[in-house]
Protein chains: 2
Amino acid sequence: MTSTAATAITAETETAAQRARRERILAATLALAARGGYEAVQMREVAERSEVALGTLYRYFPSKVHLLVSAMASEVERLSARLQKRQAPGETRAERAAFVLERSTRSLQREPLLTEAMIRAMMAADATVATEVASVREGMADLIVQAMRGGGPEQEHDVDLAAILQDVWFARQIAWLGGRIEAADVWRDIHLAITLVLRD
Amino acid sequence: MTSTAATAITAETETAAQRARRERILAATLALAARGGYEAVQMREVAERSEVALGTLYRYFPSKVHLLVSAMASEVERLSARLQKRQAPGETRAERAAFVLERSTRSLQREPLLTEAMIRAMMAADATVATEVASVREGMADLIVQAMRGGGPEQEHDVDLAAILQDVWFARQIAWLGGRIEAADVWRDIHLAITLVLRD
DNA sequence: TGGCATACTAGAACACGTTCCTGTTTCTGG
DNA sequence: CCAGAAACAGGAACGTGTTCTAGTATGCCA
């Protein structure tokens, strides 16, 4: 009759060993996903590669979807840090938004299996993954809004328009995963949406 | 060493008994989904309720995702038949598109668990389900394009704009399933997207 | 330092989608 | 009507995500 509170491990109180475990887990996840996509990320395999017991893996990430969405969040952060170093070039909001979205799209297409794994997890996310999903979406939204503004003043529907573009962006990735469009068409469709939606 | 060709059952050569089986299966699927959502649609249970062996169920629908996407296709067809009886009211393309999309959204929200099951399946669909997914999307796209045109002439980007709206429509349903927005916000966001995207 | 809660390991156990096997029924061509 | 093929029933078996159990290690507080 122990009072095991099942406290989730929060980032704040993490010891060094725990941070190391978390990072080994995420690294193993990204490696497996990059090599074999969603189905290749098997929880037993992730645990083994990160030298962590299966139960421990589940203590850090309560489901496969949590795990992959968290991995995506860390990837988006990396991408965001890289892109926000300098202002996106372009005269219009559409051109600047196109710049960052093209870079993001190309960056993802460089590792198609990793992308498949992460996007599929995003789609499978239910309410229990809301926090992790939100951090991915915030990262993407920031990227787009910053680019649109281009250092200039904010405009009335910036955030809403960025949300629409992000929806289209995700939807086109899904269409690609679903075999409905080719990889090359992903960017073409997104670009078309940008020009239709952002008519300055 | 039999030469079982594992011929999929196509709609054309179906006997009456086969059509009946297919419909019992779809009915059982919709009933289970409406009651308990995606996870309540368990293949063993569907088989039992439709009085069909598990193997037979898999002969008709090669996976749970195929099954649910097919169910959605039949629902979209029903909805489409009902809505296309008369022209959508409204002066502008935005108003007419809003009309059909609001009806569709409301219709889905009446059975939230069923919607959850179908949308989740759409998102989980990989390339092997492309045919079924395409039929759902064509149904929705027709609905939107017809409403936009409102009996008038077609315009340059009708189809592309309808595709964007459909992407947003799906994305907002997912956001709702993912607990990121409330049911009531689904329609508000879609409506906003319509006014932003369809500025006549 | 000792005691105790918490975290971790190792691995069994469970659930459900999916596959496979064996025997039976139904359909179809001759 | 008959023979073979295809479809079906019933159910065992398998894979992988998830949960649970028992024992061990680690960090914290008096």
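Throughout, a chain's letter reflects where its sequence line sits, starting with A, and its residues are numbered from 1. What you are looking at is a predicted structure, and each value in this text was computed from that prediction instead of being measured.
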Spacing between A:Leu68 atom CG and D:dT18 atom P, to the nearest angstrom: 10 Å

Rounded to whole Å, how long is the line connecting atom OH of A:Tyr60 with atom C1' of C:dT9? 13 Å

Please report, rounded to the nearest Å, how far the P atom of C:dT18 is from the CD atom of B:Glu45. 16 Å

In this structure, how many angstroms lie between the P atom of C:dT9 and the CD atom of A:Glu51, rounded? 10 Å

Take the protein atom CD of B:Glu39 and the nucleotide atom P of D:dG17, then report the distance between them rounded to whole Å. 17 Å

What I want to check is whether the side chains of B:Thr115 and B:Trp176 have a donor and an acceptor closer together than 3.5 Å. no

Nearest-0.5 Å distance, CZ of residue A:Arg82 to CG of residue A:Leu143: 10.5 Å

Atom CE in B:Met72, atom CZ in B:Arg137: separation rounded to 0.5 Å? 10.0 Å

Want to settle it: does B:Arg21 or B:Ser63 sit nearer the 5' end of DNA chain C, counting the closest nucleotide to each? B:Ser63

Is there a side-chain polar atom (N or O) of A:Thr56 under 4.0 Å from OP1 or OP2 of C:dA7? no

I need the OH-C1' distance between A:Tyr58 and C:dG11, as an integer number of Å. 15 Å

Inter-residue atom distance A:Leu113.CG - A:Glu116.CD, 0.5 Å rounding: 6.5 Å

Looking at every strand, decide which applies to B:Val41 at a 4.0 Å heavy-atom threshold: base, sugar-phosphate, or nothing. sugar-phosphate

Quick one: B:Glu48 CD to D:dG10 C1', roughly how many Å, whole number? 12 Å

Does the side chain of A:Gln18 get closer than 4.0 angstrom to OP1 or OP2 of D:dG27 through an N or O atom? no

Separation of B:Phe61 atom CZ from C:dG17 atom P, in whole Å? 16 Å

Taking for each residue the nucleotide of DNA chain D with the nearest heavy atom, is it B:Ala53 or A:Tyr38 whose nucleotide lies nearer the 5' end? B:Ala53

Does atom CD of A:Glu45 have more than 12 heavy-atom neighbours from other groups under 6.0 Å away? yes

Is there, by distance only and without an angle test, a donor paired with an acceptor across the side chain of A:Arg44 and the base of D:dT18 below 3.5 Å? yes

